[in-house]
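Here's the structure, in structure tokens; my notes come after.
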Amino acid sequence: MKNSFLLFTAVFVLSSCHVGRFVTRNFANITDYKFFENEEIKKADRTFHFQTADTSTLEGRVPKFINIQSEKIPFEQYLADKKTTAFIIIKQDSILYENYLNGYDRASIETSFSMAKSYVSALVGICLEEGKIKSLEDPITDYLNLFKNPGFENITIQHLLDMQSGIEFNESYINPFGHVAKFYYGTNLKKYVSKLKIAEAPGRFDYRSVDTQILGLLVEKVTNKTLAQNLEEKIWRKIGTEFNASWSLDSKKHKTAKGFSSLNARAIDYAKFGRLYLNNGNWNGEQVVPESWVQTSTSYSTERQNVYYQNQWWFVNVKSAKNDSLQETVPYTDKNGETIQIKFAKAYMAQGILGQYIYIHPEKELIIVRLGKDYGKNSSWSNLFTSISRLY
């Protein structure tokens, strides 16, 4: 009887705290939306359908092989081996390639992970345009009063957008006692945010998911609506989405969205967000996201402390030796004061921890969506996207 009681107690404790959920569920998975509370995001009244390209034309061409250490591997085999679940290539509103693998299909729900950060950025831009946010240089404490420790008054909204807050936050994804585990598996996000401390003065780039989480809370505060409601009203229903989506919450009791992660949708609808940005925030004549915000968010500035990540978007660093019109070399002063040359593709992307991508190449009018159960061993998706862009 005593042993049974101890076993029951242990199971209860494990299931009721974030460490227990980390242990029992192990590493984050694209099916995690099944275990979390979710708030629904309704689809558009009228679905937008991409055209299907004639595969006999140049525009319909897709890679047949991929070269790995001088070995040619069939493209679809590469995708399958790298645990890909969805891969879509779209050029000029035509689907050149659409494939679902490893047990997934077009209707499969897949968690965005950190691709959600780019959606939060779009909502921030809309709030700025509507005057709900006065300036990106405003301290976040002008809008949020939940911080119990000092120093947050020095952090601006722009600091959060560029991951330069200086907040003490452990981004380790394998530490059950770290901040990410608590924020991902925990049940009271506002409480966790309120107890955060400052590690250093703002201004140095350090990838922190908490920066986006605070942005999400700020959007909710100034709009008096949840992130899911904001996304549904301002973007999702306006861009011809085919399916309902959802945003995972911390708990049924607190109902706070995991703004840094956990938007749950289908690959084809992620592609429509890519199309929205490809067209500078305009959707078939309606300006959904301010054009100036899209251009600012997706144009890297060497004046910033970090040139790889700004305004919740990643810029594509090119690692090949090729020099062509599809890339440009940018001088950048590193933390040691040395000027180095960085090659960038003229593209940007939203990115998630398990190899979720929305890749956008404006000059090529190209969108690539890749989703997967994992990155896949020895994969380099950004290099593959750059290679594909050269085909068109």
Side-chain angles (χ1 to χ4, degrees), residues 41 112 114-140 142-143 155-165 205 211-223 225 227-241 247 257 259-260 263 269-316 344 346-351 358-363 365 367:
I41 300 165
S112 67
S114 288
M115 288 199 311
K117 292 178 168 70
S118 299
Y119 286 80
V120 172
S121 174
L123 294 175
V124 169
I126 292 170
C127 288
L128 184 66
E129 175 77 8
E130 293 178 344
K132 293 181 173 69
I133 293 174
K134 295 178 182 178
S135 169
L136 297 182
E137 300 307 319
D138 286 346
I140 58 175
D142 284 2
Y143 301 88
I155 301 171
T156 67
I157 298 171
Q158 189 64 63
H159 284 139
L160 296 180
L161 285 164
D162 291 339
M163 296 284 188
Q164 297 181 13
S165 69
F205 172 79
D211 288 10
T212 316
Q213 184 60 39
I214 296 173
L215 285 173
L217 294 175
L218 193 152
V219 168
E220 292 187 335
K221 183 67 180 292
V222 301
T223 61
K225 295 179 181 179
L227 271 186
Q229 289 169 339
N230 272 286
L231 182 59
E232 177 183 292
E233 177 187 336
K234 298 297 184 179
I235 297 175
W236 203 257
R237 289 175 60 83
K238 294 185 176 185
I239 61 173
T241 46
W247 214 312
F260 64 96
L263 173 63
D269 285 336
Y270 286 132
K272 290 168 186 177
F273 186 65
R275 181 183 187 265
L276 177 66
Y277 264 68
L278 182 66
N279 291 307
N280 289 311
N282 190 287
W283 189 269
N284 297 342
E286 180 181 2
Q287 199 65 43
V288 176
V289 179
E291 180 177 5
S292 60
W293 181 254
V294 174
Q295 292 176 348
T296 297
S297 299
T298 60
S299 301
Y300 50 79
S301 169
T302 55
E303 296 177 1
R304 302 270 180 85
Q305 193 274 337
N306 180 70
V307 293
Y308 298 105
Y309 188 89
Q310 294 172 13
N311 288 306
Q312 308 286 298
W313 287 92
W314 288 99
F315 299 111
V316 184
F344 281 106
K346 296 178 181 178
Y348 56 92
M349 59 191 182
Q351 180 177 341
I358 305 171
Y359 171 94
I360 302 162
H361 199 303
E363 187 175 307
E365 298 182 71
I367 304 162

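Sequence positions, counted from 1, serve as the residue numbers for this chain. We use all heavy atoms of the structure for the numbers below, so side chains are in, but hydrogens, waters and symmetry mates are not.
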(message) Between Q312 (side chain only) and A350 (backbone N and O only), is there a donor and an acceptor less than 3.5 Å apart?
(response) no
(message) When you compare the side chain of Y309 with that of F205, does any pair of heavy atoms fall below 4.5 Å?
(response) yes
(message) Using every non-hydrogen atom in the two residues, find where I126 and K234 come nearest and quote the distance to one decimal.
(response) CD1-CB, 3.8 Å
(message) If you compare all heavy atoms of L160 against all heavy atoms of S165, which two are closest, and at what distance to 0.1 Å?
(response) CD2-CB, 3.9 Å
(message) Can you confirm whether L215 sits close enough to I140 that some side-chain heavy atom of one is under 4.5 Å from a side-chain heavy atom of the other?
(response) no
(request) Return yes if some donor-acceptor pair links the side-chain N/O of K272 with the main-chain N/O of G240 below 3.5 Å, else return no. (result) yes
(request) Indicate the atoms forming the closest heavy-atom contact of I157 with S135, along with that distance. (result) CD1-O, 3.7 Å
(message) Could you check whether any side-chain heavy atom of I358 comes within less than 4.5 Å of a side-chain heavy atom of Y119, counting everything from C-beta outward?
(response) yes
(message) I want to check something: taking the side chain as every heavy atom from C-beta on, are Y359 and V316 in contact at a cut-off of under 4.5 Å?
(response) yes
(request) Please confirm whether the backbone N or O of K225 pairs with a side-chain atom of N230, one donor and one acceptor, at under 3.5 Å? (result) yes
(request) Please list all pairs passing the salt bridge (Lys or Arg N to Asp or Glu O under 4.0 Å) test where one or both residues lie in residues 279-291, with sequence neighbours left out. (result) K238-E286
(message) Test of understanding: with side chain to side chain contact (heavy atoms under 4.5 Å, CB included), list the residues that count as partners of N279, not counting sequence neighbours.
(response) R275
(request) Report yes or no: does E220 contribute a side-chain atom to a donor-acceptor pair with the main-chain N or O of L227 at less than 3.5 Å? (result) yes
(message) Set out, in order, the CA-CA distance, both residues' side-chain angles and the distance that settles side-chain hydrogen bond (donor to acceptor under 3.5 Å, both in side chains) for D269 and T241, then state yes or no.
(response) CA-CA 5 Å; D269 285 336; T241 46; 5.0 Å; no
(request) Supply the atom-to-atom distance E130 CD to L123 CG, rounded to the nearest 0.5 angstrom. (result) 10.0 Å
(message) Can you tell me how far apart CD (Q287) and CG (L276) are? Round to the nearest 0.5 Å.
(response) 8.5 Å
(message) Testing the basics here: between L136 and W293, what is the closest heavy-atom pair and its distance to 0.1 Å?
(response) CD1-CZ3, 3.5 Å
(message) Tell me if a side-chain donor or acceptor on Q310 pairs with a main-chain N or O of D162 at a distance below 3.5 Å.
(response) no
(message) Within this structure, what is the CH2-OG distance for the pair W314 and S118, rounded to the nearest 0.5 Å?
(response) 10.5 Å
(message) Return the CD1 to CG distance between I41 and L231, rounded to the nearest 0.5 Å.
(response) 4.5 Å
(request) Could you label the plane-to-plane angle of the W313 and Y348 rings as parallel, tilted or perpendicular, counting under 30° as parallel and over 60° as perpendicular? (result) perpendicular
(message) Between S114 and K117 (side chain of the first, backbone of the second, donor and acceptor by atom type, cut-off under 3.5 Å), is there such a pair?
(response) no
(message) I need the minimum non-hydrogen distance between D138 and Y143, along with the two atoms involved.
(response) OD2-OH, 2.5 Å
(message) Under the criterion side chain to side chain contact (heavy atoms under 4.5 Å, CB included), I'd like the reasoning laid out for V120 against F260: C-alpha separation, chi angles, the key distance, then a yes or no.
(response) CA-CA 8 Å; V120 172; F260 64 96; over 6 Å; no
(message) Using side-chain heavy atoms (C-beta onward) and a distance below 4.5 Å, is M163 in contact with T212?
(response) yes
(request) Verify, without hydrogens or angle tests, whether T156 (side chain) and E137 (backbone) share a donor-acceptor contact under 3.5 angstrom. (result) no
(message) Nearest 0.5 angstrom please: K346 NZ to E363 CD, how far?
(response) 4.5 Å
(request) Return the minimal non-hydrogen interatomic distance between F315 and S297, and the atom names on each side. (result) CZ-O, 3.7 Å
(request) Indicate yes or no: at least one non-hydrogen side-chain atom of Q158 is less than 4.5 angstrom from one of N311. (result) yes
(message) When you measure from the side chain of T296 to the backbone of S292, do you find a donor-acceptor pair of N or O atoms at a distance under 3.5 Å?
(response) yes
(message) In the structure I gave you, are the side-chain heavy atoms of T223 and C127 within less than 4.5 Å of one another anywhere?
(response) yes
